[in-house]
Amino acid sequence: MAGAGGGGCPAGGNDFQWCFSQVKGAIDEDVAEADIISTVEFNYSGDLLATGDKGGRVVIFQREQENKGRTHSRGEYNVYSTFQSHEPEFDYLKSLEIEEKINKIRWLPQQNAAHFLLSTNDKTIKLWKISERDKRAEGYNLKDEDGRLRDPFRITALRVPILKPMDLMVEASPRRIFANAHTYHINSISVNSDHETYLSADDLRINLWHLEITDRSFNIVDIKPANMEELTEVITAAEFHPHQCNVLVYSSSKGTIRLCDMRSSALCDRHAKFFEEPEDPSSRSFFSEIISSISDVKFSHSGRYMMTRDYLSVKVWDLNMEGRPVETHQVHEYLRSKLCSLYENDCIFDKFECCWNGSDSAIMTGSYNNFFRMFDRNTRRDVTLEASRENSKPRACLKPRKVCTGGKRKKDEISVDSLDFNKKILHTAWHPMESIIAVAATNNLYIFQDKIN
Amino acid sequence: MECALDAQSLISISLRKIHSSRTQRGGIKLHKNLLVSYVLRNSDFGVHCSSQTTVLDLDTHVVTTVENGYLHQDCCASAHCPCCGQGAPGPGLASAPGCKRKYYPDQEEEDDDEEDAGDLGAEPPGGAPFAPCKRARFEDFCPDSSPDASNISNLISIFGSGFSGLVSRQPDSSEQPPPLNGQLCAKQALASLGAWTRAIVAF
């Protein structure tokens, strides 16, 4: 089952098969912490795929042009650029180490030959320009070929430098650094549909920036109470509406979502809409607050819906209905009876992300044991797939996986107690137009495509 | 939901998480600590709503259980406690057979206006159980005690005030714990959980 990436494909799930395409990253069993992928993002065209890791590096893959001669070549992603985006820092005033881990990457819409993206760690957002250089100027007057400056008094004739071709070089340069605006840890950045502004959100505040201006930002949401002892919730994610540049949403640790309209007031502390599903009192436990905390919020491409991810489920909300979600999909309900252990080993704090396919007909999110889940919104079918080296033969189709929750375990099923909770898929991305997905499994990036594509 | 850990263990684990968050790379994670404090609050209510009423005496580090009118000292802080041999640490330990102090209804001091006898499963006749409630003095603590206890003493030395917003939130009547001195005691435990929030405010 798979949702169609573009228009024109039927929603019949059975026609699509997800197949292995590529895997990037070391095969080593011993995973270096710095290599753990912390964010994955396709650009607007899907030709570029960016990953950020805990070591502060960004790796960008570019899709190769499809070779018409080879029918099976469906455009592989190869490394395009690698650069160190953030370094570890130390705040001496507060005696705090600031991690270099890349929390989020967001691409800007392409406006010229160069590509721009925003990357952020806990405190600082950077705008990077990625550009190609395939020509080199030769014949300078003031310096000779190896770059040494010439004595101007010895120059007796002038020449016009000429451009000569050279091997393609991809350069990444930091164009803007947006710093010192966040006291708490940044969890989200989101580029506005006006292509001029973007927001950054931390636990308690959301700031609005102009892409050209680094020395100031506007605070638009502030939920910090006057007395920190009265704190009851934090901001967990925020995003701009895909089309309405005045609308943004932010989710909270209490499982609620607030939609704000920047036209109504400069400070959006008062929400325009408040989305909350009443809690089911029969499912109350010690961990109710933790599992209801929203870890990700994403607008649909259409802008009519938004999706939220909490620990056990994914919910789709209609922006016109605040009282409850229109869809609820259980990701791994079998974990509900294991919450105690998951609290002990900290897994209950894992922040899973979710994503839409290009046509908003399907949604995807990760789970444990390198499983990830897809839900087809039209057929109501769901599937569990696994990202593993064992299923890494080229174009090998992924077999649906099943978790056995009790009783007799069938062949090919895996029991809940055998799940590897160290293998978690927190970050996934779906190509904006085609049926191509990128799944980050610890330090490996898996790319899957559907057979028909 | 089945939970393999009792409320005391959850409290112990939670306090340890808060303590270790101070030394984690990247600084204190406000979100995670807030969620942990919710578990602490829920554990506290769970503790009070169970048929055994268990409270942590922050003063003597004695965890006492009240059951059917009898007080059990589950674990003792001081080394000279006759029932525990070498000084045993704070919450999280299973109750050990030991000293029992009989509860006399006349000794109770707290007001019982909102008392609903039906809330506590095995509430002793004569009213709410007695529960000692004084501020902890952790400098009295036995140095040979387990890491749990030294962590707690470190925590308390860090803390000043905490998420009273959680404590003061009015739960619905179904989970309203009976108003005990022990509840006040536990409230103080929760209230003492957050001097690190002061540190964040200073940023």
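Keep in mind that what you see is a predicted model, and the values were worked out from it rather than measured. Lettering of chains follows the sequences in order, A, B, ..., and the numbering in each one begins at 1.
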Charged N-O contact under 4.0 Å between A:D203 and B:K29 = no
Taking C-beta and beyond as the side chain, do A:R284 and B:N42 meet within less than 4.5 Å on heavy atoms?
-> yes
Residues, nucleotides or ligands: over 12 heavy atoms within 6.0 Å of A:N345 CG = yes
Heavy-atom closest pair (A:E289 atom, B:L35 atom, distance to 0.1 Å) is O-CD2, 4.0 Å
Using a 4.5 Å cut-off on heavy atoms from C-beta on, say whether the side chain of B:I28 contacts that of A:L96.
-> no
Quick one: what part of A:T236 sits under 4.5 Å from any heavy atom of chain B, side chain, backbone, both or neither?
-> side chain
Give a yes or no on whether the backbone of B:G26 and the side-chain of A:H185 come within a donor-acceptor separation of less than 3.5 Å.
-> yes
A:E344 side chain near B:S9 side chain, heavy-atom distance below 4.5 Å = no
Does A:D346 reach the side chain of B:K32, with side-chain heavy atoms less than 4.5 Å apart?
-> yes
Take atom CZ of A:F421 as the centre, draw a 6.0 Å sphere, and report whether it contains more than 12 heavy atoms from other residues, nucleotides or ligands.
-> yes
Of the non-hydrogen atoms in A:S253 and B:L34, which two are nearest, and what is the gap between them?
-> OG-CD2, 3.9 Å
For the residue pair B:A7 and A:F286, what are the closest heavy atoms and their distance?
-> CB-CZ, 4.3 Å
Could you tell me whether the side chain of A:Y343 reaches within less than 4.5 Å of the side chain of B:S14, counting heavy atoms only?
-> yes
Quick one: pull up CG in B:L30 and CD1 in A:I235 and give me the separation to the nearest 0.5 Å.
-> 10.5 Å
Cationic tip of B:K17 above A:F349 ring, under 6.0 Å, 45° of axis = no
Out of curiosity, A:K254 NZ to B:Y38 OH, how far, rounded to the nearest 0.5 Å?
-> 4.5 Å
Is any side-chain heavy atom of B:R25 less than 4.5 Å from a side-chain heavy atom of A:K101?
-> no
Calculate, to the nearest 0.5 Å, the distance between atoms CG and SG belonging to B:D6 and A:C340 respectively.
-> 9.5 Å
